[in-house]
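A short write-up of the structure that comes next.
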Protein chains: 2
Amino acid sequence: MKLADLPTPALVLERPVLVRNIAGMASALAPHRVRLRPHLKTAKSIDVARFALGDGQGAITVSTLAEAEYFAAHGITDILYAVGITAEKLEQVAKLNAAGADVAVITDDAETAAAIGSFPTRIRALIEIDSGEGRGGLTPEDPALFTVAAAMGSRLAGVMTHAGQSYAARERATIAEIAEAERAAVVRAAERLIAAGHAVPIVSMGSSPTALTAASFDGITEVRAGVYMFGDLFQAAIGTHGAEDIAVTVLASVIGRRPDAGQFLIDAGAIALSKDRSTEATAHDYGFGQVRDLAGRPSFGTAIVRRAYQEHGVCAADPELPFPALKVGEKVRVAPNHVCLTVAAHDRYFVTDDNVTVAAVWQRVNGW
Amino acid sequence: MKLADLPTPALVLERPVLVRNIAGMASALAPHRVRLRPHLKTAKSIDVARFALGDGQGAITVSTLAEAEYFAAHGITDILYAVGITAEKLEQVAKLNAAGADVAVITDDAETAAAIGSFPTRIRALIEIDSGEGRGGLTPEDPALFTVAAAMGSRLAGVMTHAGQSYAARERATIAEIAEAERAAVVRAAERLIAAGHAVPIVSMGSSPTALTAASFDGITEVRAGVYMFGDLFQAAIGTHGAEDIAVTVLASVIGRRPDAGQFLIDAGAIALSKDRSTEATAHDYGFGQVRDLAGRPSFGTAIVRRAYQEHGVCAADPELPFPALKVGEKVRVAPNHVCLTVAAHDRYFVTDDNVTVAAVWQRVNGW
């Protein structure tokens, strides 16, 4: 089947770009001899995971227990569920582990740590550290670090942090500074715990920007990153990768045109693209995505999805937009602002190697 | 099962509110003796459709061919697919119709109209009219109206419009004016076509705000509306319904807390809630949703989801937020900004009549 014949909207994944992005991360980390634990929250696909793991030991990160269950069913055992756990969810984790997985959890909460510590079966747990994002986690100097560690007891398996504030940076030098702060915070927490007599086998940090930029991973045992596999307009804007390295686009059909108003309508809207507006905060605002041609090339000048309704995208550009080329029924591809949210609405990838033919169809595991 | 025991995040639907909202629309339309063709793009559920249709003749509106296929499989035949069709998609429509459905399509494009006109089997088609939104459709005075109608030939079944600009209005009087403009535009298009010798059996208009507010439906044969069934913070802000009439919320667990920073984390983020920020343009900005208690009451003062990451929502409020009541593991419910996008990430509704017990589980048809 050809891309041009797919029902629209549909998710297109360019395998050569995926492979290149994965190789780029491997190259960036190679000199540091630090292990990568790919985050599958974006891809949610065993087929993508196999590329991301390469010759790795099969350790991954996930953002939902549905992902943990899915990847465990596909034979991946070493799984870090990197969203704060609750006591109630431990049963589900224990069930996966009883079936052969080894899912580790995270928390920064003493009562939850106590629930993990006293849970009938062993579930490995990491303490979440805040390295400056201000979302979850304890700061490295927080005395609660010892309370949480004591409550976990023998289930304590390490510390982890995520410098999500790297997404607010625009310069490589700033991102490198954030990477160093991320490293220093989680290593400091580990050192304090070790000094207090705890074993801390895992010291985990990561986000795609900091993983690609950090000057040092001293004291770090593993790096987590995910969006680098696909890339998007926002990651390109902050320099994680080049504009030509966006592996995922949404194939859409033109469903209306108004040459006089300089706009056309496509059948990919707020659900197919998401309402993420990340590039609004960067040097170039791409609206709800950049409109490319069927071959994935940015052939339509400045064309973007300017407005997004549930199933309609209103595309517009500077006046030079070549309307004659865009008749109703023609196909375009939209590069996403924030790929993690765009892919979330789709249940499969149509994989292509040549931007013409569908080489494979890869399923995703959505929901919870 | 109790709501409190559901895995989170999960979609909760309060059936009494759904029933009340449906009755409210029926009451508003009753004096006008105009037929309602409920739009199922929000609900995407046969169980909700049965309530929405009541004693009706079973005519519905959909936004995807996946919805058309699903509802046809559940025995609903009279279906309007209210997103511009392409020639390529006619095959799929024809297949549904051959199996017993009667799916009608829309376009404003002459070439597409010609494809419909010459398609081997009869597919009813409506001409889309622009009544001021500037998204799709021909203006009523556009000479292309006759070109498109002629191209459709005997497949022409009517005209339709959607005054989506009603969402930008904030006063009932303004919405009533938009409703009248919506009515006048589509009726004018019908009159011009009739004067030119065409039969125009369907004259269709609608959006939830205009359907509830219009003073007259003279010349209109049917009204389309959908979001009124569930309601959301945005529709409450523009007066479509009261704040107590939001039928759908997202159940979430607290997964972290920072009393010192006045914030807590929940396991419902940008996917479970969507990144829609509709209320930003209203008198009260609810961030990514309003935080309510497990019983659905707004007990936490001004608490909203202030930041949304893929699977994390950062909740914050004015200082009076009762932190002692919100331990990790506690459940809250988030009222959505724009319910159509929030429900899109979920595959089922957990239906409750009493805000305590799960009375039913209703499936949704997502995707395309």
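Each chain gets a letter, A, B and so on, in the order its sequence line appears, and its residues count up from 1.
Interatomic distance, NZ of B/Lys275 versus CZ of A/Phe288, reported as 11.0 Å (0.5 Å rounding). Atom NE2 of B/His312 and atom NE2 of A/His162 lie 8.0 Å apart (nearest 0.5 Å). In this structure, the separation between OG1 on B/Thr112 and CZ on A/Arg257 is 9.5 Å, given to the nearest 0.5 Å. Put simply, CG on B/Asp109 and NZ on A/Lys327 are 9.0 Å apart, with the number rounded to the nearest 0.5 Å.
What you find for A/Glu88 and B/Asp5 is that their closest heavy atoms are OE2-CA, 3.9 Å. For the pair A/Arg307 and B/Gly134, the tightest heavy-atom approach, listed with the atom from each and the gap, is NH2-O, 3.3 Å. Between B/Val254 and A/Thr86, the closest heavy-atom pair is O-CG2, 3.6 Å.
Contacts between A/Val314 and chain B at a heavy-atom distance below 4.5 Å involve the side chain alone, from C-beta outward. For B/Asp276, the parts lying under 4.5 angstrom from a heavy atom of chain A are both the backbone and the side chain. If you measure heavy-atom distances from A/Ala87 to chain B, you find no contacts under 4.5 Å at all. Contacts between A/Glu133 and chain B at a heavy-atom distance below 4.5 Å involve backbone atoms as well as side-chain atoms. Looking at B/Ala115, there are no atoms closer than 4.5 Å to chain A (heavy atoms on both sides), in backbone or side chain. For A/Asp347, no part sits under 4.5 Å from any heavy atom of chain B, backbone or side chain. The parts of A/Glu311 that come within reach of chain B are both its backbone and its side chain, each placing non-hydrogen atoms under 4.5 angstrom from that chain. Only the backbone of B/Ala4 comes within less than 4.5 Å of a heavy atom of chain A; no side-chain atom from C-beta onward does. Heavy-atom distances place no part of A/Arg277 under 4.5 Å from chain B, backbone and side chain included. Interface remark: A/Ala308 contributes no atoms to any contact with chain B (heavy atom separation under 4.5 Å). In this structure, the portions of A/Ser63 lying under 4.5 Å from any heavy atom of chain B include both its backbone and its side chain. B/Pro7 does not touch chain A: none of its heavy atoms, backbone or side chain, sits under 4.5 Å away. Proximity to chain B is absent for every atom of A/Ala144, based on heavy atoms less than 4.5 angstrom apart. When heavy atoms are compared at a cutoff of 4.5 Å, B/Ala270 approaches chain A by way of both its backbone and its side chain. Proximity to chain A (any heavy atom under 4.5 Å) is restricted, for B/Leu341, to the side chain, taken from C-beta onward. In this structure, no portion of A/Leu65 lies under 4.5 Å from any heavy atom of chain B. Of the two parts of A/Thr64, only the side chain, counted from C-beta on, holds a non-hydrogen atom closer than 4.5 Å to a non-hydrogen atom of chain B.
At least one donor-acceptor pair closer than 3.5 Å links the side chain of A/Arg258 to the backbone N or O of B/Gly137. Under the 3.5 Å distance criterion, the side-chain polar atoms of A/Arg135 are left unmatched by any main-chain donor or acceptor of B/Leu265.
Ranked by heavy-atom pairs shorter than 4.5 Å toward chain A, the options B/Asp130, B/Thr42, B/Thr8 are led by B/Asp130. With chain A as partner, the option from B/Ala344, B/Cys340, B/Pro9, B/Gly329 having the largest number of non-hydrogen pairs under 4.5 angstrom is B/Pro9. Taking A/Val328, A/Asp108, A/Asn366, A/Ile85 one by one and counting their heavy-atom pairs under 4.5 Å with chain B, the maximum is reached by A/Val328.
Two residues are said to be in side-chain contact when any heavy atoms from C-beta on lie closer than 4.5 Å; B/Ile271 and A/Trp368 meet this criterion. Residues A/Gln310 and B/Val83 form no side-chain contact, since every pair of their non-hydrogen atoms from C-beta on lies 4.5 Å or further apart.
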